[in-house]
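For reference, positions follow the sequence shown, starting with 1.
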Amino acid sequence: MAESCDLAVIIPTFNEEENIAAMIGAVEGAFRESGIRGEILVMDDGSKDRTIPIVREIAGKTDNVRLIVRKADHGLSQSVVEGFRSARSDILLVIDADFSHPPKLIPLLYEAIRGGADIAIGSRYMEGGDIEAWPLKRRIISRSATAFGRILFPGVTDPVSGFFAVRREVVAGAPLAPRGYKILMEVLGRGRWQTLTEIPFVFKDREGGESKLRADTMVDYLRQCGGIVRFSVTRRTGSVSDEWNKIVRFGLVGLSGIFVNMGLLYTLTEVAGLYYLISAAIAIELSIVNNFALNDAWTFRSARDLRVERKVSRFGSFQAVSMAGLAVNLGVLYLLADVLQVYYLVANLAGILAAFAWNYTANRHYTWKR
Ligand code: GDD
């Protein structure tokens with residue numbers, strides 16, 4: 001292979017003997033048809049099946065295919081990041097080995113980067129995109145992960161796609177902390193980029209072999225989101241302490257709201273003699289008012305504008321965010337308890353944490369934006 005080429009296609013593999021030869025052939029076909037001078041990097045994590053000998057044989061016959069068998073730090077995202085480092089091209093593209101992503105779209109993603117985009121994403125969730133043959137459970141998990149990702153990257157329809165191209169400068173030197181499956185989130189959160197484009201595609205469930213996604217991949221994902229939030233806050237403000245101050249204050253205000261809510265529920269029901277659901281509705285609304293007033297005067301003091309109409313508009317936004325937070329809480333509770341069979345009190349705790357993360361992030365960005 002020449003010293004450099006136009007495009008490096010990175011294929012992470014783990015036990016892909018049924019797909020990898022055909023996939024390499026399809027990528028080479030896409031290179032040929034579009035005139036791209038490309039290389040293929042197969043990043044394998046010590047497959048137990050025949051993936052390694054199959055790729056070794058192909059790589060022995062053609063000099064644009066390389067096999068890297070990794071020995072340490074097993075993982076899809078880790079493999080991709082090592083692929084970024086080993087590539088000899090300024091444009092990098094990631095694709096699954098199992099034909100979930102259509103190789104014929106490789107030239108489109110490549111051209112999008114050549115046309116000026118820093119990142120080009122194959123999206124399942126924009127018009128023209130779709131997912132074929134996924135069971136309901138997998139759809140719900142994917143939709144939830146995507147919804148969470150969109151909070152961090154508004155405007156990106158598929159921030160957890162595994163099919164994307166990126167300019168090398170975006171990731172070179174970026175402090176990527178790969179873990180789990182969602183390498184694109186890491187690139188979006190820690191890479192240096194300005195322009196992004198998305199191209200729709202239809203995700204097809206694998207025909208051969210099986211998905212390696214496990215339950216703890218979702219835990220990895222949540223931890224990764226936390227890391228990205230922390231990183232982007234540091235990058236934006238230069239210090240996390242100011243942000244953590246706000247988060248702690250927001251949490252304390254939330255606690256005070258619980259006391260207001262409980263106190264009112266008790267007083268209105270026991271002392272004023274109201275029906276308990278009516279008391280509860282009043283208590284919820286007044287705790288929202290309490291939380292808004294305290295957050296406005298204390299948590300986000302530096303971001304507030306004292307004009308009355310601004311205050312009213314902030315209150316409207318806070319109210320809407322709080323209602324959506326309630327929906328997040330209930331949604332996570334249902335997803336974990338009913339679909340994934342997690343014990344309901346643990347599921348509710350996760351729901352409360354998710355709602356807190358939503359409430360804080362949304363209010364920080366919309367209600368009290370500077
Ligand atoms: N090197 C390496 N190490 N490769 C891995 C590993 C690993 O630990 N685990 C999986 N792979 C490879 C598989 O061999 C395949 O080529 C690709 O990564 C995707 O693995 P799957 O296990 O088939 O993923 P999936 O179909 O469940 O998930 C897909 O959709 C997600 C979005 O919902 C992937 O495209 C993900 O990247 C994507 O986030």
Exercise. Report yes if some heavy atom in the side chain of F84 is under 4.5 Å from a heavy atom in the side chain of V187; otherwise report no.
Key: yes

Quiz item: Could you walk me through whether I91 and Y110 pass the side-chain contact (heavy atoms from CB on, under 4.5 Å) check?
Solution: CA-CA 7 Å; I91 302 181; Y110 168 74; 3.7 Å; yes

Quiz prompt | Salt bridge present between E169 and R192 (N-O < 4.0 angstrom) | solution = no

Quiz item: When you look at L196 and D118, which way does the side-chain contact (heavy atoms from CB on, under 4.5 Å) test go after all the steps?
Solution: CA-CA 6 Å; L196 179 146; D118 292 322; over 6 Å; no

Self-check item: Validation row: I68, L41 side chains within 4.5 angstrom (heavy atoms)
Solution: yes

Quiz item: Considering residues, nucleotides and ligands other than E285, do more than 12 of their heavy atoms fall under 6.0 Å from its CD?
Solution: yes

Quiz prompt | Backbone N/O of N15 and side chain of S47: donor-acceptor pair under 3.5 Å | solution = yes

Practice problem: Treating Ile, Leu, Val, Met, Phe, Trp and Tyr as nodes and any side-chain heavy-atom pair under 4.5 angstrom as an edge, say whether V253 and I284 lie in one connected cluster. | Solution: no

Quiz prompt | Student check: side-chain heavy atoms of F203 and P102 closer than 4.5 Å | solution = no

Self-check item: Pairs where residues 333-361 contributes a residue and the test side-chain hydrogen bond (donor to acceptor under 3.5 Å, both in side chains) is met, not counting sequence neighbours
Solution: E243-Y360

Practice problem: Locate the shortest heavy-atom distance separating L335 from S144; write the atom from each residue and the value. | Solution: CD2-OG, 3.5 Å

Quiz item: So K71 and D45, side-chain contact (heavy atoms from CB on, under 4.5 Å) or not? Walk me through it.
Solution: CA-CA 7 Å; K71 299 276 182 258; D45 259 330; over 6 Å; no

Quiz item: Just by distance, do the side chain of T299 and the backbone of K246 share a donor-acceptor pair under 3.5 Å?
Solution: no

Quiz item: Which of these, D96, I95, D98, I40, sits in a side-chain contact (heavy atoms from CB on, under 4.5 Å) with M23?
Solution: I95

Practice problem: Give a yes or no on this: more than 12 heavy atoms of other residues, nucleotides or ligands lie within 6.0 Å of atom CD of E309. | Solution: yes

Quiz item: Within the side chain of R139, is there an N or O that forms a donor-acceptor pair under 3.5 Å with the backbone of I131?
Solution: yes

Exercise. Could you pull out the closest heavy-atom pair between A87 and L92, with the gap in Å?
Key: CB-CD2, 3.5 Å

Quiz item: Is there a path from L294 to V321 through hydrophobic residues (I, L, V, M, F, W, Y) whose side chains come within less than 4.5 Å of each other?
Solution: no

Quiz item: Would S287 and N290 count as having a side-chain donor-acceptor pair, cut-off 3.5 Å?
Solution: no

Quiz item: What about the rings of Y181 and Y221, do their centers lie closer together than 6.0 Å?
Solution: no

Quiz item: Taking T13 for the side chain and E16 for the main chain, is one N or O donor matched with an acceptor at less than 3.5 Å?
Solution: no

Exercise. Taking E186 for its side chain and A177 for its backbone only, find out whether a donor-acceptor pair lies under 3.5 Å.
Key: yes

Self-check item: Side-chain heavy atoms of Y125 within contact of T146, under 4.5 Å
Solution: yes

Quiz item: Between R124 and S161, does any side-chain donor sit less than 3.5 Å from a side-chain acceptor?
Solution: no

Exercise. Considering non-hydrogen atoms only, spot the tightest contact between S34 and A30 and give its length.
Key: OG-O, 2.6 Å

Practice problem: Kindly check if the number of other-residue, nucleotide or ligand heavy atoms within 6.0 Å of CZ (R150) is above 12? | Solution: yes

Self-check item: Heavy-atom side-chain contact between P178 and Q78 under 4.5 Å
Solution: yes

Quiz item: Can a donor-acceptor pair be found between the side chains of E198 and T157 at a distance below 3.5 Å?
Solution: yes

Exercise. Looking only at non-hydrogen atoms, find the nearest pair between A112 and I199 and report the distance.
Key: CB-CD1, 4.3 Å

Quiz item: Which distance, rounded to the nearest 0.5 Å, do you find between the CZ of F153 and the CG of L188?
Solution: 5.0 Å

Practice problem: Hey, can you tell me if F300 and W368 have their rings parallel, tilted or perpendicular (30° and 60° cut-offs)? | Solution: parallel

Exercise. Calculate, to the nearest 0.5 Å, the distance between atoms CD1 and CG belonging to I282 and L274 respectively.
Key: 5.5 Å

Quiz prompt | ILVMFWY cluster, M43 and F14 together (side-chain gap under 4.5 Å) | solution = no

Self-check item: L176 side chain reached by V171 side chain, heavy atoms, under 4.5 Å
Solution: yes

Exercise. State whether the side chain of R179 and the backbone N or O of G75 hold a donor-acceptor pair below 3.5 Å, judged by distance alone.
Key: no

Quiz prompt | Point-to-point distance, once rounded to the nearest 0.5 Å, from CH2 of W134 to CD1 of I140 | solution = 12.5 Å

Exercise. Output the distance between atom CZ (R167) and atom CG (D90), rounded to the nearest 0.5 Å.
Key: 9.0 Å

Quiz item: Are R314 and F318 close enough, and set up right, to give a side-chain contact (heavy atoms from CB on, under 4.5 Å), and what steps lead you there?
Solution: CA-CA 6 Å; R314 286 200 296 277; F318 186 79; over 6 Å; no

Quiz item: Looking at F250 versus F356, is the centre-to-centre ring distance below 6.0 Å?
Solution: yes

Quiz item: Are V160 and L184 side-chain neighbours, meaning at least one heavy-atom pair lies under 4.5 Å?
Solution: no

Quiz item: If you count the non-hydrogen atoms of other residues, nucleotides and ligands that lie under 6.0 Å from CZ in R50, is the total more than 12?
Solution: no

Practice problem: Nearest 0.5 Å please: distance from the CZ atom of F201 over to the CG atom of L105. | Solution: 8.0 Å

Quiz item: Hey, is the main chain of P12 close enough, under 3.5 Å, to the side chain of S79 for a donor-acceptor pair?
Solution: no

Practice problem: Heavy atoms only: give me the nearest R190-P175 pair and the separation to one decimal. | Solution: CD-O, 3.0 Å

Practice problem: Say whether L326 and I288 are linked into one hydrophobic cluster, either directly or through other cluster members, by side-chain heavy-atom distances under 4.5 angstrom. | Solution: no

Practice problem: Taking D49 for its side chain and E17 for its backbone only, find out whether a donor-acceptor pair lies under 3.5 Å. | Solution: yes

Quiz item: Do R56 side-chain atoms and L67 backbone N/O form a donor-acceptor pair below 3.5 Å?
Solution: no

Quiz item: Is a salt bridge present between E57 and K61, judged by a nitrogen-to-oxygen distance below 4.0 Å?
Solution: yes

Self-check item: Cluster check V260, I352: I/L/V/M/F/W/Y, side chain < 4.5 angstrom
Solution: no

Practice problem: State, to 0.1 Å, how close A117 and T197 come at their nearest heavy-atom pair, and which atoms those are. | Solution: CB-CG2, 3.7 Å

Quiz prompt | Distance in Å, L93 CG paired with H101 NE2, rounded so as to fall on 0.5 Å steps | solution = 10.0 Å

Quiz item: Does F31 offer a backbone N or O that forms a donor-acceptor pair with the side chain of R37 under 3.5 Å?
Solution: no

Practice problem: Run the salt-bridge test on D296 and K311 with the 4.0 Å N-O cut-off and return the result as yes or no. | Solution: yes

Self-check item: Side chain to side chain, D44 and R70, heavy atoms closer than 4.5 Å
Solution: no

